[in-house]
Amino acid sequence: MRQLTKTESLIMVVGALLMAVAAVMYVFAVRKPASWIMLAGTGAFVAMQMRQKYEGTNITIRRLRSIMTVGNIFFVIAALLMVENAYQFLLPKFMENGIEGYNAYVHYIHNNWVVTLLVGAVIELYTTHRISSELEKEAKKL
């Protein structure tokens, strides 16, 4: 697995911290700045995680990296949903259909950033743990 440089590791950690801080800020009703902080943190975290490439041949680690990419997609969706939830850019489009449109907006968008963030976090925890154990097994074989 390609190791990140110290600067890249720092960017990744700062991105993860920004994501956590943004989620807490959003809960305490600082919604608009929190949504942009979440978007910036997610961008930094995902970009640095995608720079960690696996050049080996272990199919399990390759599969886990693919699953990790799905987790990153969930993080990006969570950040975008948080921005939408704070600013409600799409609400007028949904409201064109009256109460049914509003119900659809609430059902599909309103506060669903929490669900996607949780799914992304669970996927990241699982894949990170499994990749590290697979790398240890691989190192013992050598």
Side-chain angles (χ1 to χ4, degrees), residues 1-140:
M1 191 91 153
R2 178 188 172 277
Q3 293 297 316
L4 296 177
T5 65
K6 288 182 182 182
T7 305
E8 290 171 335
S9 294
L10 180 66
I11 292 171
M12 186 172 170
V13 168
V14 168
L17 287 174
L18 285 175
M19 289 169 61
V21 166
V24 170
M25 284 175 63
Y26 198 91
V27 168
F28 289 110
V30 187
R31 292 193 165 96
K32 290 184 179 183
S35 63
W36 295 110
I37 291 170
M38 176 68 136
L39 201 56
T42 300
F45 180 81
V46 168
M48 291 304 110
Q49 196 167 64
M50 290 290 100
R51 289 186 53 82
Q52 278 185 315
K53 300 281 186 203
Y54 176 68
E55 287 113 17
T57 58
N58 187 330
I59 193 81
T60 305
I61 296 175
R62 289 187 179 276
R63 177 186 55 85
L64 288 166
R65 286 288 303 158
S66 298
I67 294 170
M68 189 178 276
T69 301
V70 172
N72 287 333
I73 291 169
F74 273 103
F75 282 150
V76 171
I77 291 171
L80 293 173
L81 284 174
M82 185 185 274
V83 170
E84 171 56 32
N85 205 42
Y87 288 92
Q88 299 178 339
F89 295 125
L90 298 176
L91 183 59
K93 281 292 183 195
F94 278 87
M95 289 301 288
E96 290 173 0
N97 296 327
I99 193 69
E100 292 301 319
Y102 180 75
N103 288 339
Y105 181 84
V106 169
H107 183 72
Y108 294 115
I109 294 176
H110 187 69
N111 286 338
N112 281 342
W113 65 269
V114 177
V115 175
T116 55
L117 184 65
L118 180 64
V119 170
V122 168
I123 290 171
E124 289 292 323
L125 283 171
Y126 170 74
T127 55
T128 302
H129 172 70
R130 289 281 293 129
I131 287 173
S132 65
S133 67
E134 287 295 322
L135 287 172
E136 287 176 12
K137 284 182 193 176
E138 195 173 85
K140 287 180 183 176

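Here, residue 1 is the first one in the sequence, and each next residue gets the next number.
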Are [X] and [Y] side-chain neighbours, meaning at least one heavy-atom pair lies under 4.5 Å?
X: M38; Y: L117; answer: yes
X: Y54; Y: L135; answer: yes
X: R130; Y: M68; answer: no

- request: Please assess M50 against R65 for the test side-chain contact (heavy atoms from CB on, under 4.5 Å), listing each intermediate value before the final yes or no.
  value: CA-CA 9 Å; M50 290 290 100; R65 286 288 303 158; 4.1 Å; yes
query: Can you list the residues that meet the side-chain contact (heavy atoms from CB on, under 4.5 Å) rule with S66, with sequence neighbours excluded?
result: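 Listed in chain order: nothing, the list is empty.
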Distance in Å, [X] [atom1] paired with [Y] [atom2], rounded so as to fall on 0.5 Å steps:
X: Q3; Y: T5; atom1: CD; atom2: OG1; value: 10.5 Å
X: L4; Y: I11; atom1: CG; atom2: CD1; value: 9.5 Å
X: I37; Y: L17; atom1: CD1; atom2: CG; value: 12.5 Å

- prompt: Can you list every side chain to side chain donor-acceptor pair (under 3.5 Å) pair that touches residues 9-25, not counting sequence neighbours?
  reply: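 Non-adjacent pairs meeting side chain to side chain donor-acceptor pair (under 3.5 Å): zero.
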Run the side-chain donor-acceptor check on residues 121-128: report pairs under 3.5 Å with partners two or more places apart or on a different chain.
residue, atom, partner, partner atom, Å
E124, OE1, Q49, NE2, 2.9
T127, OG1, I123, O, 2.9
T127, OG1, E124, O, 3.3
T128, OG1, E124, O, 2.6

query: Who are the salt bridge (charged side-chain N to carboxylate O under 4.0 Å, His left out) partners of R31, not counting sequence neighbours?
result: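 Residues passing salt bridge (charged side-chain N to carboxylate O under 4.0 Å, His left out) with R31: none at all.
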- prompt: How would you list, by chain and number, every residue that makes a salt bridge (charged side-chain N to carboxylate O under 4.0 Å, His left out) with K137, sequence neighbours excluded?
  reply: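 If we apply the salt bridge (charged side-chain N to carboxylate O under 4.0 Å, His left out) test to K137, skipping adjacent residues, the hits are E134.
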query: If you take all heavy atoms of G56 and R62, which pair is closest and at what distance?
result: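 Heavy atoms of G56 and R62 come nearest at O-NH2, 2.6 Å.
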Which donor-acceptor pairs under 3.5 Å do the side chains of residues 77-100 make with protein atoms, sequence neighbours left out?
residue, atom, partner, partner atom, Å
E84, OE1, F89, N, 3.1
E84, OE1, L90, N, 3.1
E84, OE2, F89, N, 3.2
E84, OE2, L90, N, 3.0
E84, OE2, Y105, OH, 2.8
N85, OD1, H110, ND1, 3.1
N85, OD1, N111, N, 3.3
N85, ND2, Y26, OH, 2.6
N85, ND2, N111, OD1, 2.6
Y87, OH, W36, NE1, 2.8

message: Apply side-chain contact (heavy atoms from CB on, under 4.5 Å) to residues N72 and F45 and explain how you reach the verdict.
response: CA-CA 9 Å; N72 287 333; F45 180 81; 4.1 Å; yes
task: Salt-bridge test for E55 and R2: reply yes if a basic N is under 4.0 Å from a carboxylate O, no otherwise.
output: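 The answer is no: the pair does not qualify as a salt bridge.
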